[in-house]
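Reading through the structure tokens given below for one structure.
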Amino acid sequence: MIRLLILVMVGAIALAIAYFFFKQIPMGKKMLSIGGGLTAAIAAVALQGSYPFYMPFLAIVGVALLATLSFMKLEEKRRHENLRYVEERKSRLAAASSSTTATENRFSMDPVETGKGEQ
């Protein structure tokens, strides 16, 4: 019971530190990393009393692996979304610049040669 109390205290401290000190990191990523660590610790505490000593270590590794995979999926989705936004912006800029170039070519005048004294 004391182990669970200590685990809850450490979890609350970790969540408070993540919330107040890492403001530039998005909330979903913070909670995913802290939640994955807490879930791994809970699995290890649950297995500590009745199984051999290596089972809690395996539980920690397994849960941490699942948290890492979900974090990387979240990061991959964000990168794909950013690439899609960049491509949309490039296509909009290309379409806008092609229309302005076409209008400039129709109505533009040839540059006038100036002498060195006028510059």
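Note that the coordinates shown come from a computational prediction; the quantities given were computed from them, not determined experimentally.
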Only pairs at least two apart or in different chains count here, so list each salt bridge (charged side-chain N to carboxylate O under 4.0 Å, His left out) that has a residue in residues 89-98. none
Output a table of donor-acceptor pairs, distance under 3.5 Å, between side-chain atoms of residues 58-78 and any protein atom two or more places apart or on a different chain; print 'none' if there are none.
| unit_1 | atom_1 | unit_2 | atom_2 | d |
| --- | --- | --- | --- | --- |
| Thr68 | OG1 | Ala64 | O | 2.7 |
| Ser70 | OG | Leu66 | O | 3.3 |
| Ser70 | OG | Ala67 | O | 2.9 |
| Glu75 | OE1 | Lys29 | NZ | 2.6 |
| Glu75 | OE2 | Arg78 | NE | 3.4 |
| Glu75 | OE2 | Arg78 | NH2 | 2.4 |

Run the side-chain hydrogen bond (donor to acceptor under 3.5 Å, both in side chains) test against Glu88 and tell me which residues pass, sequence neighbours left out. Arg84
Could I get the full list of salt bridge (charged side-chain N to carboxylate O under 4.0 Å, His left out) partners for Glu81, not counting sequence neighbours? none
